[in-house]
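Note sheet for the following structure.
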Amino acid sequence: MEAGQGLNFIQAIIEEDQRTGKHSGRVHTRFPPEPNGYLHIGHAKAISLNFGLAHQYGGKCNLRLDDTNPTTEETEYVESIQEDIRWLGYTWDGLYYASDYFGQLYQFAEELIRQGKAYVDDLKPEEISQWRGDFTTPGRDSPFRNRSVEENLDLFRRMRAGEFPDGARTLRAKIDMRSPNPNLRDPAIYRIRHAHHHRTGDAWCIYPLYDFAHCLSDAIEGITHSICTLEFENRRVLYDWIVDTLVPGAKEGNRPYQYEMARLNLTYTVMSKRKLKELVDTKVVDGWDDPRMLTIRGLRRRGFTAASLRDLTQRVGVTKTQSRHDIGLLEQCVREDLDTNAPRAMAVLRPLKVVLENYPEGQTEELPLANHPKRPELGTRQVPFMRELYIEQDDFMENPPKGFYRLSPGVEVRLRGAYFIRCERVIKDADGRVVELRCTYDPATRGGNATDRKVKGTLHWVPASAPVAEVRLYDRLFAAEDPEADEARAFKEFLNPDSLEVLAGARVEPMLAQAAPESHFQFERLGYFYADPKKGLPGRPVFNRTVTLKDSWVREQGKA
RNA sequence: UGGGGCGUCGUCUAAGGGUAGGACGUCAGACUUUGAAUCUGAUUAUCAAGGUUCGAAUCCUUGCGCCCCAGCCA
C-alpha cells in the first residue's frame, strides 16, 4: 500500500526496535524454505517481505534451506528454490542450510541434557501421544523423564552412534507436561532416522526437529527478526524457551525474535505444498510448472512477470488477519505491468475467412501497425494485407443483439490499421454454419481513417497467408472460490473442467511466428500471451494466455 | 468446555481518542483506430451490547463469530 505513513506491523516493530536500540539497530532476516517442493505465490509474499525489509532498513537477508528431515528433502528442490528466488529478483546475503549446523545443534542438545533440561525417552510414538494428554487433560510425566544426566548423555550418544532403530527413542526437552500449551509438554527435539540426507549423506542417523533447529539456526546466523506464519504462533514460547536457555547473551536481548503474519491465500486455488504435489502426482496438471499452477514456475510459464508478483505482494500487505485475496488482484497486477511493457500484436484464435470482393486478386500490401499505442518509441511493424483474410469468429454475428459493435450483414467496421470493410454476403455450409464472409473494402480508408463517417467497431485480423500457431487458453484451476471450504468433499472435486483449452488452428501475424521463447505480447482485443519456452519450436511457437483483457462486452452480455 | 490469535466497504487493507482513507471489484458517464488503456463520478464498512469521554473503529467490560495447536512434519 502506498499509504505512506501506514507501516505494516512488522515495519512498526523494526522501527520501534531501532528507536530503542534493540539489536543495535541491526536488521537481519531470513527466508527458510524446506526443500521438499517447489515455491509458490505464497512463498513469494514471504520472500519479498524478508528481502524487502532487509533492503528497506539497510540490513541483510539469508536464504536458509531448512533441511532437517532427510526423508522428504531433495537436491532438485534446493536448486529450483534458488532459481525461483533469483527470477523474482532477489539476492540473498548468506546461503545456508540447517544441515550446516548439525554439529552445533548436537552440541546444544548435549548442553541441554547437562543442564538437566532434556532427556532420552523410550516411549513409542503412540505412547508419547497418549501420555501427552489433550486440550482438556494435562499430560503425565514419562516414566523415563527422570533419568540422570549421565544416563541421558550416554543414551543420546548411543542414539547418535546408531545403536537404536528408527523410532526407538527420542530426545525430549523437559519443560512442563501440564502446560495448557501442548507444545510445551516435553516436545521431541531429536529423532532417530537411519536415512540418507541430501547433503550430509550418512554422517547422521539422528536429526533435530523444527522447534529445536529453527530457532537455534536463527541465533547462529544472527537473525534479528524471524518472520513466520500464523500457525507457528503457539510455538513462540518454545522458540523463546530454547533460545533463552541455550544461547549465550539471549537473556540480554542478544537473540532473534519470532513474529507471525498471515499466509497469502487466493481465491480459486489451493496453496499447500501437499495439495499442489497431489495435483502433479495424479496428473491433474502437467508438472510443477504447468501454467495453471500457482507455483512460481507455473506462473512464470503462464506469462506472469516477476514485477507483477512483487507488485501483488506489496498490495496484499502484511497483517495477522486470516484472509483470502481475490485472484483478480493478481490478474490486475500482471495486466498493469504488461499493458505498459508488452508489445502489441494481432492473432486470430478461431479464424473466420473474409474475402474482399473488390480487392485485386494476387495483390499484397504491407501496412504499418504501431507496436504500442502509448509508446511510439517502440516503433511499428509491417503486416501484410490481401484479398483473403481471417477475423475472429466471435466478431461476426448474422443477427446481432443490440449493442453489438462488430461485423454483421450490411454493417461496416474497421480492420485495425487497415481499411473499413462492409459485410455483403454470408456463406454457410450444409449445416448452416457461417464459413465465409464476402465483404467489400473502401480503398479511401487506408490505415483505418475516414473523414466522412465513423464506425462503431474495430476488429483485429490476419492475412490468409498468416502462419498457424498453437494457442493455449488457461483459466483458473478451480471452479470454487475456496476449494477447501467443504470438509466433506475433496478439493479436487472442485476442479474447473475448462481450465485449459488448446487451439491448434490459431493464425498469427508473421512477426509472431518468429517470437523468441519467453516473450510477452498483447494480442489486441484478446489478452496477454507468452511464448512457451517448453512447447514451442523455432518458427512454430506455442502461446500461453496469461490473462484476458478486461472485457465489458462479455459483462454486458452476462447481464442480458 | 484448555491455550494461542484474529474480527473495518463485496474482497483486501489504512487510520490506534478528533473528517473512517486507499486498492481490487461493481455501477454510471467521458474518451477511444484494442468493448483495452486512460479520465470523471457513485455505491457500500468499524462483529454485538453496555461503559468511560465533549468526542470511541481506537480505551474498559461482557458476549458472539472465525482460525490455529494434542507429528518422532515444517
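In what follows, chains are A, B, ... by sequence order, proteins preceding strands, each numbered from 1. The structure displayed is predicted, hence computed values, not measured ones.
With sequence neighbours excluded, the residues that form a ring-ring contact (aromatic ring centres under 6.0 Å, His included) with A/Tyr419 are A/Phe385, A/Tyr441. With sequence neighbours left out, the side-chain hydrogen bond (donor to acceptor under 3.5 Å, both in side chains) criterion links A/Glu163 to A/Arg158. Legend: residues meeting side-chain hydrogen bond (donor to acceptor under 3.5 Å, both in side chains) with A/His325, ordered by chain and number and at least two apart, are absent. With sequence neighbours excluded, no residue satisfies ring-ring contact (aromatic ring centres under 6.0 Å, His included) with A/Tyr268. Looking at residues two or more places apart in sequence or on another chain, you find a ring-ring contact (aromatic ring centres under 6.0 Å, His included) between A/Phe232 and A/Tyr210. With sequence neighbours excluded, the residues that form a side-chain hydrogen bond (donor to acceptor under 3.5 Å, both in side chains) with A/Glu110 are A/Tyr106, A/Arg114, A/Arg157. Listed by chain and number, the residues in a salt bridge (Lys or Arg N to Asp or Glu O under 4.0 Å) with A/Arg406 are A/Asp395 (sequence neighbours excluded).
Within 3.5 Å, no donor on the side chain of A/Arg555 pairs with an acceptor on the base of B/U26, nor the reverse.
Glycosidic conformation of B/G25: anti, with the torsion beyond 90° of 0.
Between A/Phe212 and A/Phe108, the distance separating the two ring centers is not shorter than 6.0 angstrom. A/Phe523 has its ring centre no less than 6.0 Å from the ring centre of A/His460.
The stretch residues 324-340 of chain A comes close to RNA chain B through A/Arg324, A/His325, A/Asp326, A/Leu329, A/Gln332, A/Glu336, A/Asp339, each having a heavy atom under 4.0 Å from the strand.
Although no hydrogens or angles enter the test, the distance criterion places no donor-acceptor pair under 3.5 Å between the side chain of A/Asp218 and the main chain of A/Pro256.
For the pair A/Thr458 and B/U32, the criterion of a side-chain N or O lying under 4.0 Å from OP1 or OP2 is not met. Distances shown here put every side-chain N or O of A/Arg416 at or beyond 4.0 Å from the OP1 or OP2 atom of B/A36. An OP1 or OP2 oxygen of B/C73 is reached within less than 4.0 angstrom by no side-chain nitrogen or oxygen of A/Thr72.
Of the P atoms belonging to B/A15 and B/G21, the separation is 14 Å, rounded to the nearest Å. Distance check on atom P: B/C31 versus B/U43 gives 23 Å, rounded to whole Å. Spacing between B/A30 and B/C24 at atom C1', rounded to whole Å, works out to 22 Å.
Seen from the ring of A/Trp204, A/Arg160 counts as a face-on cation partner, given the 6.0 Å and 45° thresholds.
Map A/Trp553 and A/Arg169 each onto its nearest nucleotide of RNA chain B; the residue landing nearer the 5' end is A/Trp553. Taking the nucleotide of RNA chain B with the nearest heavy atom to each of A/Thr321 and A/Gly133, the more 5' of the two is matched to A/Thr321.
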**Report entry** Summary of protein contacts for nucleotides 41-46 of chain B, nucleotide by nucleotide, where a base hit scores B, a sugar-phosphate-only hit scores S (4.0 Å, heavy atoms)
**Finding:** ------

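Atom-to-atom distance recorded for A/Ile421:CD1 and A/Leu407:CG is 5.0 Å, nearest 0.5 angstrom.
Counting only N and O atoms by type, the side chains of A/Thr458 and A/Arg414 include a donor and acceptor under 3.5 Å apart.
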So which protein nitrogen or oxygen atoms get under 3.5 Å of nucleotides 1-4 of chain B's nitrogens or oxygens?
from, atom 1, to, atom 2, distance (Å)
B/G2, N9, A/Phe135, O, 3.3
B/G2, N2, A/Pro180, O, 3.3
B/G3, N2, A/Asn234, ND2, 2.8

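Here the side chain of A/Arg193 is nearest to one of B/U13, B/G35, B/C73, namely B/C73. When distances are taken from the side chain of A/Gln322 to each of B/C67, B/A74, B/U13, the shortest belongs to B/C67. Residue A/Lys550 places its side chain closer to B/A36 than to any other of B/U34, B/A36, B/A74. Ranking B/U13, B/U34, B/C73 by closeness to the A/Glu34 side chain, first place goes to B/C73.
Listed by first and then second residue, the ring-ring contact (aromatic ring centres under 6.0 Å, His included) pairs that reach into residues 119-145 of chain A come to none, sequence neighbours excluded.
Where RNA chain B pairs in unbroken runs of 3 or more (Watson-Crick or G-U, both distances under 3.5 Å), the stems are B:2-7 with B:64-69, B:10-13 with B:21-24, B:26-30 with B:38-42, B:47-51 with B:59-63.
Lacking a ring centre under 5.5 Å from that of the base six-membered ring together with a plane angle below 30°, A/Tyr210 does not count as stacked on B/A74.
Using a 4.0 Å heavy-atom criterion, one finds that A/Gly139 contacts no nucleic acid atom at all. Among the protein residues, A/Phe404 comes within range of the nucleic acid bases, having at least one heavy atom under 4.0 Å from a base atom. Among the atoms of the strands shown, base atoms are found under 4.0 Å from some heavy atom of A/Phe232.
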